[in-house]
Amino acid sequence: MSAQAELPRRSKYCGEFREEHVGQECCVMGWVHSYRDHGGIIFIDLRDRTGLVQIVADPSNDPDAHAKAERVRSEWVVAAVGRVRPRSEETINPKLDTGQVEIITDRIEILTEAETPPFPVDAAEEMDESLRLKWRFIDLRRPQMLERLRKRHEVVLSARNYLSEQGFWEIETPMLINSSPEGARDFLVPSRMAPGHFYALPQSPQLLKQTLMASGVDRYFQMARCLRDEDLRADRQPEHTQIDIEMSFATQEQVLETVEGLIRHIYQEAKGIELPEPFPRMTYAEAMLTYGSDKPDLRFGLEIQEVTDVVAKSDFRVFTETIDKGGRVRAINVKGGAKFSRSQLDNLQPKARELGGKGAAYIIYEPDGTWRSPLLKYFPEEVLEELRETLGGEPGDLFVFGADDAKALAPFLGRLRLHLAELAGLPGETDAVKPLWVVDFPVFEQDEETGNWQPMHHAFTMPRPDCLDTMEDDPGAVIGQLYDLVVNGAELGSGSIRIHDPAIQQRVFKIVGIDEEEADRKFSYLLRAFRYGAPPHGGIALGIDRLIMQLVGAKSIREVIAFPKTATGADLLMDAPGPVDEAQLEELHIRVVE
RNA sequence: GGGGCUGUAGCUCAGUUGGUUCAGAGUACCUGACUGUCGAUCAGGGGGUCGCGGGUUCAAGUCCCGUCAGCCCCGCCA
């Protein structure tokens with residue numbers, strides 16, 4: 001486009017053209033997705049965030065537009081002015097939403113030329129992820145990526161609208177706050193004006209939202225950025241976004257109802273799926289025992305079953321010795337698992353160690369009713385029969401066993417369960433959405449090394465009323481008003497009813513070894529606020545990134561974040577983190593020690 | 001902090017027990033031809049520090065050690 005020429009006005013997005021627009025004058029703008037130059041006639045597929053439309057440059061129609069079209073290359077940004085016309089029967093392209101029509105152009109303006117992209121926007125194969133991250137602006141042009149950004153926008157908008165209708169106010173809290181010594185490692189920000197002092201970036205707005213309750217806000221929410229300087233995972237970034245919610249004068253039951261309403265609303269709007277009402281609930285204890293996890297994936301069975309008493313009657317010493325030492329033996333019945341290949345079965349043992357177990361034994365109940373197992377010689381027929389009964393075995397099933405002390409066995413079998421599900425192809429490509437509340441978490445957990453009690457969630461979790469009297473006698477038995485939202489094996493949110501009574505708060509602090517001075521230093525303003533009249537309150541924080549992952553079926557959190565970081569916390573697009581000028585450091589009273 | 005996987009043209013990959021068919025394919029890119037394609041087609045062309053460093057060897061893309069980067073997991077993430 002010459003510098004003088006005026007930019008024409010865009011009349012429609014590329015992906016919007018349909019038969020009904022035939023005959024209309026139009027102007028489209030976008031990126032050259034591809035071009036096909038036949039020497040005479042030239043076709044250009046023009047792309048914007050809505051899709052593709054075919055532009056036709058015909059030299060007999062307009063030689064000047066054709067000459068411009070001849071220069072055009074992939075990813076150049078162009079405007080095309082012309083007229084919508086129907087395609088002839090044999091040139092209709094059913095693969096395009098706009099395939100019934102095309103735009104015959106009489107004016108092409110080249111708005112920007114572009115270098116050849118490092119990888120094609122319509123790549124058939126997946127590119128190396130580090131390449132995608134380095135060239136994220138190209139990667140995001142891909143329709144799938146733009147679609148994820150759009151979906152995320154719509155979910156957040158939908159959540160805002162829903163919560164607003166329910167009487168929640170969206171309130172922002174500061175990003176520059178105090179370091180809180182508990183929980184995750186803080187990101188620190190040096191203060192220029194206060195030498196040697198630091199802000200911390202919030203791990204969550206937890207204390208602030210509770211303070212807002214003391215202020216009478218009553219119902220609060222925020223799309224809150226949360227920053228934690230911890231190692232990354234496929235579903236964890238150093239910064240992520242939560243729908244942070246807090247409610248005054250609400251019981252656990254009311255919080256759960258409200259959050260369920262929100263989640264149902266989101267799934268309805270985003271996927272057209274009706275989720276059950278109410279969501280199923282499971283206690284933490286049951287989840288750990290039956291699924292070996294506090295976030296069970298309920299899309300398949302493979303429940304963990306207790307077989308200690310049965311296998312105690314066998315001669316298999318790995319089992320009997322474990323039992324003699326007070327350990328447990330539990331099993332998973334893999335329905336139809338008898339058809340697992342030899343190598344899959346041989347792999348169970350090394351895989352089990354990889355998953356943190358001592359090992360994994362198996363017994364196959366063949367389709368013809370006979371038994372097959374390396375351990376067969378240790379199991380009398382009647383023990384096998386009792387096993388079959390206990391596990392609900394049918395011909396063709398595979399029993400997989402784990403043996404260890406109870407504490408180590410549960411999480412190991414939980415991981416083994418997921419591995420077996422994968423081997424059996426169980427979660428597969430199903431569209432099933434299985435939401436679940438895990439409730440009745442313990443308030444305290446014991447540090448393995450020091451033996452000290454520490455809060456499982458955070459120090460403000462309200463114990464269940466029936467546990468209050470005996471709290472000090474057996475902290476491990478104290479159940480909290482604590483709940484996690486789990487969908488398809490992913491923890492989407494975690495919350496609790498908070499302590500608003502300073503006396504109870506003191507007792508909890510005492511159990512986790514926080515004295516008055518320390519409590520005051522760490523949580524000063526919140527405790528002060530609570531002395532001046534705090535309502536009972538509780539809330540939850542829902543991970544938006546993980547929620548979007550579920551909604552779009554992404555395997556990695558990076559797929560639902562525009563500019564994510566790598567597993568080592570690097571941003572490959574902007575090359576962060578990076579060094580800074582010496583002068584900057586000096587101003588901040590910072591010296592780098594090698 | 002620990003364990004595992006990956007790294008060869010711009011991109012996606014092949015490359016056997018180390019050896020003269022070991023530096024390749026497809027695609028992209030450049031040039032030319034072509035007026036109905038839509039993965040256009042046809043002809044021609046350019047393009048490589050085999051992640052990096054060291055070692056073994058007559059000889060290393062291939063074997064060994066180290067290192068860097070990306071991914072997955074454990075620890076960690078109230």
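Sequence lines set the chain letters: A, B, ... in the order given, protein chains first and strands last, and positions in each chain run from 1. Side chains included, hydrogens not; waters and symmetry mates left out as well; all remaining heavy atoms used. It should be emphasised that the depicted structure is a prediction, and the values quoted were computed from it without experimental measurement.
Spacing of P atoms, B:rU8 relative to B:rG61, comes out at 15 Å, to the nearest Å. Taking atom P on both B:rC64 and B:rG45, the two are 40 Å apart, rounded to the nearest angstrom. To the nearest whole angstrom, the two C1' atoms, one in B:rU56 and one in B:rC30, are 44 Å apart. A distance of about 24 Å separates the C1' atoms of B:rG4 and B:rA14, rounded to the whole Å. Here, B:rG47 and B:rC5 have their P atoms 37 Å apart, quoted to the whole Å. Separation of the C1' atoms belonging to B:rC50 and B:rU6 is 14 Å when rounded to the nearest angstrom. Going from the P atom of B:rA43 to that of B:rA25 covers 15 Å, rounded to whole Å. A gap of 24 Å separates the P atoms of B:rA69 and B:rC76, to the nearest Å.
Nucleic acid contact class of A:Ser204 (heavy atoms, under 4.0 Å, all strands): base. Within the 4.0 angstrom heavy-atom criterion, no nucleotide atom of any strand lies near A:Glu491. If you check every strand for non-hydrogen atoms under 4.0 Å, A:Thr116 touches sugar and phosphate atoms only. Within the nucleic acid shown, A:Arg47 has no heavy atom closer than 4.0 Å to any nucleic acid atom. At a threshold of 4.0 angstrom between heavy atoms, the contacts of A:Asp229 with the nucleic acid are absent. Contacts of A:Gln206 with the nucleic acid, taken as non-hydrogen atoms under 4.0 Å apart, include base atoms.
For B:rU37, its base sits under 3.5 Å from the side chain of A:Arg87 at one donor and acceptor pair at least. Contact annotation: side chain of A:Gln54 to base of B:rU37, donor-acceptor pair present below 3.5 Å.
One finds a side-chain N or O of A:Arg73 lying less than 4.0 angstrom from the OP1 or OP2 phosphate oxygen of B:rC30. Phosphate contact (OP1/OP2 of B:rU35, side-chain N/O of A:Ser60, threshold under 4.0 Å): absent.
Across all strands shown, B:rC38 remains unpaired; no Watson-Crick or G-U wobble contact has both distances below 3.5 Å. If you check B:rG7 for Watson-Crick or wobble pairing at under 3.5 angstrom, you find it paired to B:rC68. With both pairing distances under 3.5 Å, B:rA43 is matched to B:rU31 as a Watson-Crick or G-U wobble pair.
In this structure, A:Gln252 and A:Leu482 approach most closely via the heavy-atom pair OE1-N, 3.8 Å. Taking both residues in full, the closest heavy atoms of A:Leu227 and A:Met175 are given as CD1-CE, 3.5 Å, listed atom of the first, atom of the second, then distance. Across all their heavy atoms, A:Thr50 and A:Glu16 have their closest contact at OG1-N, 4.4 Å.
Remark: ring of A:Phe119 not stacked against base of B:rC11; the cut-offs of centroid gap under 5.5 Å and plane tilt under 30° are not jointly satisfied. The aromatic ring of A:His38 does not sit over the base of B:rG36; the criterion of centres under 5.5 Å apart with planes under 30° is not met.
Between A:Phe441 and A:Tyr284, the ring-plane angle classifies as tilted under the 30° and 60° cut-offs.
Each of A:Arg85 and A:Asp122 lies near RNA chain B, and the nucleotide nearest A:Arg85 is the one positioned closer to the 5' end.
Residue A:Asp37 contributes atom CG, which lies 14 Å from atom P of B:rC38 at whole-angstrom precision. As a whole-Å value, the separation of A:Glu125 CD from B:rA28 P is 11 Å. The interatomic distance linking A:Glu75 (CD) with B:rC29 (P) rounds to 11 Å, in whole Å. Rounded to whole angstrom, the span from the CD atom of A:Glu113 across to the C1' atom of B:rC29 amounts to 16 Å. What separates CE of A:Met456 from P of B:rC77 is a distance of 12 Å, to the nearest Å. In this structure, A:Glu70 places its CD atom 12 Å from C1' of B:rA33, rounding to the nearest Å. With rounding to whole Å, A:Ile138 atom CD1 is found 12 Å from B:rG10 atom C1'. Taking atom CD on A:Glu126 and atom C1' on B:rG7, their separation rounds to 18 Å, with Å as the unit.
Separating the CZ atom in A:Arg521 from the CD atom in A:Glu518 is a distance of 5.5 Å, to the nearest 0.5 Å.
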Report, as a single string ordered 5' to 3', how protein heavy atoms within less than 4.0 Å touch nucleotides 66-75 of chain B: B base, S sugar-phosphate only, - not at all. ----SSSSBB

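The A:Met127 side chain lies nearest to B:rC11 when the options are B:rC38, B:rC11, B:rG36. In the set B:rC77, B:rU37, B:rA40, the nucleotide with an atom closest to the side chain of A:Ser34 is B:rA40. Listed candidates were B:rG39, B:rG36, B:rC38. Nearest to the side chain of A:Arg36 is B:rC38.
Environment of CZ in A:Arg83: sparse, with no more than 12 heavy atoms of neighbouring residues, nucleotides or ligands closer than 6.0 Å.
Base orientation for B:rC29: anti, the chi torsion being more than 90° from 0.
Side-chain atoms of A:Arg87 come within 3.5 Å of backbone N or O of A:Gly99 as a donor-acceptor pair. In this structure, A:Glu230 contributes its side chain and A:Arg185 its backbone to a donor-acceptor pair below 3.5 Å.
Side chains of A:Tyr291 and A:Asp297: no donor on one and acceptor on the other come within 3.5 Å.
A ring-centre distance under 6.0 Å is not found for A:Phe460 and A:His537.
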